[in-house]
Visitor: 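What follows is a single structure, and I will ask about it in a moment.
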There are 2 protein chains.
Amino acid sequence: MSAALPPLPKPEETVGEPELLQLGPPGDEPCLRADAARNRARLLDAAARLIAEHGVTAVTMEAVAAAANVGKGTVFRRFGDRTGLLNALLDHSERKFQAAFLTGPPPLGPGAPPVERLRAFGIAVLRRSVGELDLQLAAEPGADRRFLVPVRRLHQGHLALLLRQAAPDADGDLLAHTLMGSLNPVLIHHLTRQCGMSLERLEAAWNDLVDRVTRG
Amino acid sequence: MSAALPPLPKPEETVGEPELLQLGPPGDEPCLRADAARNRARLLDAAARLIAEHGVTAVTMEAVAAAANVGKGTVFRRFGDRTGLLNALLDHSERKFQAAFLTGPPPLGPGAPPVERLRAFGIAVLRRSVGELDLQLAAEPGADRRFLVPVRRLHQGHLALLLRQAAPDADGDLLAHTLMGSLNPVLIHHLTRQCGMSLERLEAAWNDLVDRVTRG
DNA sequence: ACCTTAAACGGACCTCGGTCCGGATAGTTA
DNA sequence: TAACTATCCGGACCGAGGTCCGTTTAAGGT
């Protein structure tokens, strides 16, 4: 019965091949019909406006649909679910970041020794997060999808790559997950807003962590 | 307006003083009225039965209320929200674990050198998690409460304590958060069930992580 | 210009977590 | 035993995420 379902066009990015490092979700709006593309833009615009005016909690699927003069179903068809919409909102910033650490100048981009790139990566993530914290928190998917988000896998893969260079005798993949955990937006939120820690302290701890983990 | 609200008895555990290490949430049903205590037991029983028969997804607040012959409001009054109920279900296992690492025999309990206790702690958490994974996943609270759950704070504090001994020159609290991240049930779920990794590999990675982080 | 069809649209509808408040009751005091 | 009150009970109610399906329409072929 579940095998006979219609194609179900799979909203947005097609998860991309997970094996190779590649620049981001390839196409967000590759071959959309004219009206679909127009509505997509309207929706993102409306969502951004809602956030700017009333905070991320005001981004209700119905509210954004109404603000975009679009049906509710359209929002879900395009973005899958609420976290999909929110992640799409983060896409711009994410693209820039990806470009920076994949092809940009050192120490974030290629050219610097791996330990320095690891340091720079964490610092960059931390600094980027403080500006978008509310959005990043709300954009976190449920437990069973959290680690399947393409963006996350890319970051994780990048860290694993650098770690395999900087600490060849370690389990790079798992170590990468550990490091990712220290950059988790929810943790940042807790430490900075619920514990009142300074960003400097987090940055120092990250650098120290990278040192400890990579020195053999 | 928000200051004039009635006491709102605060469901379950009273968060306890966060500064000192102490054994778990002190009293779960300390001074409940007879009917309240009875209903609490009924609810936990009903929830456990539902899980055993239909999995954790069947634990709907309404379903458990109905199965316990109790009103829906009663469930919320007693447990606050769904994650509160689920956490209460985990309480038994958690108590045993706490006793083990707070006052039990080495290497988990006091008496062994900190590095060995760190190793043992992680292994214990990993092994315990595999059995209760579904429940632990569902029991994870929303982003803004996740790090405030008393149980979590206790574990974190314990790790921080050991780390301050094993790595005096590090930021123990933050390092503890990092280590906690590697034991996150959602991560365990992803690695074991979505990536097919073996428990042995996770355990090895944990031991290696403890080594790296503590050798100065 | 017309036809065809795959894709998109929209909003009614469902489920479920969470809130509220009038009514019932356990425990206490007289 | 009777009255009193703090606590608890229960289910109607609400909002928001997510699904469904009959209708509309863009895009390409004839």
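For the numbers below, each heavy atom of this structure counts, side chains included, while hydrogens, waters and symmetry mates do not.
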Visitor: Using a strict heavy-atom distance below 4.0 Å, which residues from residues 133-146 of chain A are in contact with DNA chain D?
Guide: none
Visitor: What distance do B:M180 atom CE and B:N184 atom CG have between them, rounded to the nearest 0.5 Å?
Guide: 8.5 Å
Visitor: Can you list, in residue-number order, the parts of residues 49-57 of chain B that come under 4.0 Å of DNA chain C, counting heavy atoms only?
Guide: none
Visitor: To the nearest angstrom, how far is B:E62 atom CD from C:dT15 atom P?
Guide: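 Result: 10 Å.
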Visitor: Nearest-Å distance, CZ (A:R40) to C1' (C:dA7)?
Guide: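 Rounded to the whole Å, the gap is 17 Å.
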Visitor: Under 3.5 Å, side-chain donor or acceptor atoms of residues 63-72 of chain B against the rest of the protein: list the pairs with distances, not counting sequence neighbours.
Guide:
residue	atom	partner	partner atom	Å
B:K72	NZ	B:E62	OE2	3.2

Visitor: Once rounded to the nearest 0.5 Å, what's the spacing between atom CG of B:L133 and atom NE2 of B:H189?
Guide: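 It comes to 7.5 Å.
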Visitor: Are B:L86 and B:L89 packed together at the side-chain level, in the sense that at least one heavy-atom pair is separated by less than 4.5 angstrom?
Guide: yes
Visitor: Between A:R127 and A:L199 (side chain of the first, backbone of the second, donor and acceptor by atom type, cut-off under 3.5 Å), is there such a pair?
Guide: no
Visitor: Using 0.5 Å steps for rounding, measure from the CG atom of B:L187 to the OG1 atom of A:T178.
Guide: 7.0 Å
Visitor: Tell me, for nucleotides 24-30 of chain C in 5' to 3' order, what letter each nucleotide earns: B for a base near a protein heavy atom under 4.0 Å, S for only sugar-phosphate near one, - for neither?
Guide: -BSS---
Visitor: Keeping the roles fixed (side chain from B:R40, backbone from B:F79), state whether a donor-acceptor pair exists under 3.5 Å.
Guide: no
Visitor: For nucleotides 19-23 of chain C, which of its nitrogen or oxygen atoms have a protein nitrogen or oxygen under 3.5 Å away, and what is each distance?
Guide:
none

Visitor: Only pairs under 3.5 Å count here: list side-chain donor-acceptor contacts from residues 42-57 of chain A, not counting sequence neighbours, and write none if there are none.
Guide:
residue	atom	partner	partner atom	Å
A:D45	OD2	A:R49	NH1	3.0

Visitor: Output the distance between atom CG (A:D208) and atom CD (A:E203), rounded to the nearest 0.5 Å.
Guide: 13.5 Å
Visitor: Measure CG/A:L85 against P/D:dA16 and give the value in whole Å, please.
Guide: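 After rounding, the reported distance stands at 15 Å.
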Visitor: Checking A:R152 now: which residues fulfil salt bridge (charged side-chain N to carboxylate O under 4.0 Å, His left out) with it, not counting sequence neighbours?
Guide: none
Visitor: Identify, with sequence neighbours excluded, every residue that meets salt bridge (charged side-chain N to carboxylate O under 4.0 Å, His left out) alongside A:R38.
Guide: none
Visitor: Do the side-chain N or O atoms of A:T74 get closer than 4.0 angstrom to the phosphate oxygens (OP1, OP2) of C:dA8?
Guide: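 For A:T74, the contact criterion (side-chain N or O under 4.0 Å from OP1 or OP2 of C:dA8) is not met.
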Visitor: Sequence neighbours excluded and cut-off under 3.5 Å, please list the side-chain donor-acceptor pairs for residues 140-150 of chain A, or say none.
Guide:
residue	atom	partner	partner atom	Å
A:E140	OE2	B:R146	NH1	2.7
A:E140	OE2	B:R146	NH2	2.6
A:R145	NH1	A:D81	OD2	3.1
A:R146	NE	A:P141	O	3.3
A:R146	NH1	B:E140	OE2	2.7
A:R146	NH2	B:E140	OE2	2.6

Visitor: Whether the side chain of A:W206 engages the backbone of A:F121 through a donor-acceptor N/O pair (distance < 3.5 Å, no angle test) should be reported.
Guide: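 The answer is no, because no donor-acceptor pair under 3.5 Å joins these two groups.
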Visitor: In whole angstrom, give the distance that lies between atom CG of B:D81 and atom C1' of C:dC16.
Guide: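 So the two atoms are 13 Å apart, to the nearest Å.
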Visitor: Is the shortest side-chain N/O distance from A:N39 to OP1 or OP2 of C:dA8 below 4.0 Å?
Guide: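 No.
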Visitor: Please report the shortest heavy-atom distance between B:V213 and A:R212, naming the atom on each side.
Guide: O-NH1, 2.8 Å
Visitor: Suppose we screen for side-chain contact (heavy atoms from CB on, under 4.5 Å). Which residues come up paired with B:D173, at least two apart in sequence or across chains?
Guide: A:R201, B:Q156, B:A160, B:R164, B:D171
Visitor: What is the distance from CZ of A:R78 to P of D:dG18, rounded to the nearest Å?
Guide: 17 Å
Visitor: Can you list everything that forms a salt bridge (charged side-chain N to carboxylate O under 4.0 Å, His left out) with A:R128? Sequence neighbours excluded, please.
Guide: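 If we apply the salt bridge (charged side-chain N to carboxylate O under 4.0 Å, His left out) test to A:R128, skipping adjacent residues, the hits are A:E94, A:E132.
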Visitor: Under 3.5 Å between N/O atoms: give me all the protein pairs with nucleotides 28-30 of chain D, atom names plus distance.
Guide:
none

